[in-house]
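What follows is a short report on a single structure.
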2 protein chains.
Amino acid sequence: MDDGRTPPHPDIAQIPLQLVLEALVDPVRRRIVAELAASDVDIRCGGFGITVSKSTATHHFKVLREAGLIRQYYVGTARMNALRTDDVESAFPGLLDLVAKG
Amino acid sequence: MDDGRTPPHPDIAQIPLQLVLEALVDPVRRRIVAELAASDVDIRCGGFGITVSKSTATHHFKVLREAGLIRQYYVGTARMNALRTDDVESAFPGLLDLVAKG
DNA sequence: TCCTTAGTACGACCACCATCGAACTTCGAT
DNA sequence: ATCGAAGTTCGATGGTGGTCGTACTAAGGA
């Protein structure tokens, strides 16, 4: 399970609303979530329409992951991002729709 | 309508999600919203279980009002606060429930 | 008329967070 | 074996927002 590169992912049921709102209040992070929500496939870190530096992007993905909103895994050097749609919807119903619709 | 003391209240349909999230990311403001959601009656500014100074409280109410979440009106010297439940629910379905449940 | 109560307005301060660049790691391809 | 592409880590910086105290205004009661 733990290949030493896959970061830990929290249990959504135990994430306080505070953490989720802090994650989603940033427009860059909300854009990431919206793009994932609109996509059929997972997206690598470099594949989003965001205009920040790579180090800043890394920071945003970490915040989203620790808030339980995305899952991350490696494919080669690419770090893939998946929206935890069902998890989030069960813990915070309606929230993803709000973000997706903008 | 305008008695010179009643502040302007924005049309909810035109409020960006950004503004609402900025309002709700603060735990003090979320507490205010939660208390209003749990109450049958409107509550004056001094009637909440928050532990900040009066000037800080004024600031929080202003943010909530400008985000379209509450309506404010005067009764004597007391400034009453009412949750705009239906407005918010129609513009951001599910959001108030998340805050109310905490 | 005072005095108290309720809240606002204004500055100042402080902590936090988004941001960046530079240096580094890891993987894949040449 | 090298090189480039993809991210990470670290430290520094700058702006913004939550906080407070003080001074102020408005309303109601003694």
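Every chain is numbered from 1 and lettered A, B, ... according to where its sequence line falls, protein lines coming before strand lines.
- At whole-Å resolution of the value, NZ in A:Lys54 and P in D:dG4 are 14 Å apart.
- The side chain of B:His60 contributes an N or O atom lying less than 4.0 Å from OP1 or OP2 of D:dT19.
- Whole-Å rounding puts the A:Leu21 CG to C:dC17 P distance at 14 Å.
- With sequence neighbours left out, A:Glu35 forms a salt bridge (charged side-chain N to carboxylate O under 4.0 Å, His left out) with A:Arg31.
- Between the CZ atom of A:Phe61 and the P atom of D:dA6 there is a distance of 13 Å, given to the nearest Å.
- Qualifying side-chain hydrogen bond (donor to acceptor under 3.5 Å, both in side chains) partners for A:Ser90, counting only residues two or more places apart in sequence or in other chains: none.
- Chaining together hydrophobic side chains whose heavy atoms lie under 4.5 Å apart leaves B:Val63 on its own.
- Considering only residues two or more places apart in sequence or on other chains, A:His59 meets the side-chain hydrogen bond (donor to acceptor under 3.5 Å, both in side chains) condition with none of them.
- Rounded to whole angstrom, the span from the CG atom of B:Asp26 across to the P atom of C:dA15 amounts to 17 Å.
- Remark: A:Arg44, A:Cys45, A:Gly46 in residues 37-53 of chain A come within less than 4.0 Å of DNA chain D through at least one heavy atom.
- By the salt bridge (charged side-chain N to carboxylate O under 4.0 Å, His left out) test, B:Arg84 is found to be paired with B:Asp87, residues two or more places apart in sequence or in another chain being considered.
- A donor-acceptor contact shorter than 3.5 Å is absent between the side chain of B:Asn81 and the backbone of B:Gln72.
- A straight line from CD of A:Gln18 to P of D:dG18 spans 11 Å, rounded to a whole angstrom.
- Atom CE of A:Met80 is separated from atom P of D:dG7 by 9 Å (rounded to the nearest Å).
- When rounded to the nearest whole Å, the span between CD of B:Glu66 and C1' of D:dG17 equals 14 Å.
- In this structure, CG of A:Leu64 is placed 10 Å from P of C:dA18, rounded to the nearest angstrom.
- With a 4.5 Å cut-off between side-chain heavy atoms of Ile, Leu, Val, Met, Phe, Trp and Tyr, the cluster of A:Val75 takes in A:Tyr73, A:Met80.
- Two residues are said to be in side-chain contact when any heavy atoms from C-beta on lie closer than 4.5 Å; B:Val33 and B:Arg29 fail this criterion.
- When heavy atoms are screened at a 4.0 angstrom cut-off, A:His59 is found touching base atoms of the nucleic acid.
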Contact letters for nucleotides 22-30 of chain C, in which S counts primed atoms plus P, OP1 and OP2 and B counts the base, heavy atoms under 4.0 Å: B---BBS--

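- For A:Glu89, the side-chain hydrogen bond (donor to acceptor under 3.5 Å, both in side chains) test picks out no residue, with sequence neighbours left out.
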